Amino acid sequence: QEPVATLKRLHLDVAARLGLDAEAGDWDPDQTYQMSIAKFEELAEQKLLRRQHKAAIWIQARWRSQRIRRPLRQVIYKRLEARHKIRAWIR
């Protein structure tokens with residue numbers, strides 16, 4: 001038996017097709033009857049923009065850490081090399 005076509009069912013289906021999850025806080029299920037399809041589309045676009053922003057921040061942080069890590073690694077290797085030379089002189 002197919003579920004009855006109601007406004008709430010329609011909105012739940014639209015939200016599911018757009019990848020919106022009420023449990024994740026993407027939209028408020030208490031506002032189901034007040035929302036329009038356009039509002040669901042807007043929320044889906046906002047969710048996509050948030051995900052893109054988080055991805056960009058992650059990439060920038062990784063890039064920064066790599067840019068810092070390379071010169072720092074060279075300094076560490078030079079210090080280790082100097083320590084080994086000093087130990088060789090002492091022995």
Side-chain angles (χ1 to χ4, degrees):
Q1 185 176 3
E2 196 169 309
V4 178
T6 63
L7 181 62
K8 183 174 183 175
R9 169 83 46 209
L10 172 68
H11 283 174
L12 292 174
D13 289 343
V14 168
R17 275 190 263 127
L18 291 173
L20 298 174
D21 185 8
E23 292 178 6
D26 296 337
W27 66 286
D28 185 7
D30 294 336
Q31 300 294 319
T32 302
Y33 293 109
Q34 288 81 25
M35 295 180 67
S36 65
I37 305 293
K39 182 64 176 173
F40 280 108
E41 291 173 345
E42 181 184 330
L43 291 172
E45 187 175 344
Q46 289 174 358
K47 179 180 179 179
L48 176 64
L49 291 174
R50 281 193 309 270
R51 289 182 67 196
Q52 288 176 344
H53 183 71
K54 285 174 68 174
I57 289 172
W58 183 84
I59 291 170
Q60 290 170 359
R62 295 288 294 181
W63 176 255
R64 257 187 255 116
S65 70
Q66 288 295 325
R67 298 286 294 170
I68 292 170
R69 189 176 292 141
R70 262 187 225 130
L72 187 59
R73 190 179 304 146
Q74 290 174 348
V75 169
I76 291 170
Y77 286 142
K78 286 181 181 180
R79 287 182 180 175
L80 284 173
E81 192 177 307
R83 183 172 20 168
H84 291 300
K85 284 182 183 178
I86 291 171
R87 284 184 181 169
W89 290 340
I90 293 174
R91 292 182 187 171

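Starting from 1, each residue takes its place in the sequence as its number. This one's a predicted model, so the numbers in the text were calculated from it and none came from an experiment.
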Checklist line | Worked verdict on Gln66 versus Arg69 for side-chain contact (heavy atoms from CB on, under 4.5 Å) | finding: CA-CA 5 Å; Gln66 288 295 325; Arg69 189 176 292 141; 2.9 Å; yes
Item checked: Exercise: identify the closest heavy-atom pair between Ala22 and Trp27 ->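 Nearest heavy atoms, Ala22 then Trp27: N-NE1, 3.5 Å.
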Return the [atom1] to [atom2] distance between [X] and [Y], rounded to the nearest 0.5 Å.
X	Y	atom1	atom2	result
Leu10	Ile37	CG	CD1	4.5 Å
Leu18	Glu42	CG	CD	12.0 Å
Leu7	Met35	CG	CE	11.0 Å
Thr6	Asp13	OG1	CG	8.5 Å
Thr32	Lys8	OG1	NZ	5.5 Å
Gln60	Arg67	CD	CZ	14.0 Å

Notebook entry, point to check: When you look at Gln52 and Leu49, which way does the side-chain contact (heavy atoms from CB on, under 4.5 Å) test go after all the steps?
Noted result: CA-CA 5 Å; Gln52 288 176 344; Leu49 291 174; 3.6 Å; yes
Notebook entry, point to check: Going by heavy atoms in the side chains, are Arg50 and Asp26 under 4.5 Å from each other?
Noted result: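 Side chain of Arg50 against side chain of Asp26, heavy atoms only: contact under 4.5 Å found.
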Notebook entry, point to check: Does some side-chain heavy atom of Glu81 sit less than 4.5 Å from a side-chain heavy atom of His84?
Noted result: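 Result no, sub-4.5 Å side-chain heavy-atom pair not found.
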Check: Do Tyr77 and Leu72 belong together in a cluster built from hydrophobic side chains that touch within less than 4.5 Å?
Finding: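 Yes, Tyr77 connects to Leu72 through the hydrophobic network.
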Notebook entry, point to check: Would you say Gln46 has more than 12 foreign heavy atoms packed within less than 6.0 Å of its CD?
Noted result: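 Counting neighbours around CD of Gln46, more than 12 heavy atoms of other residues, nucleotides or ligands fall under 6.0 Å, so yes.
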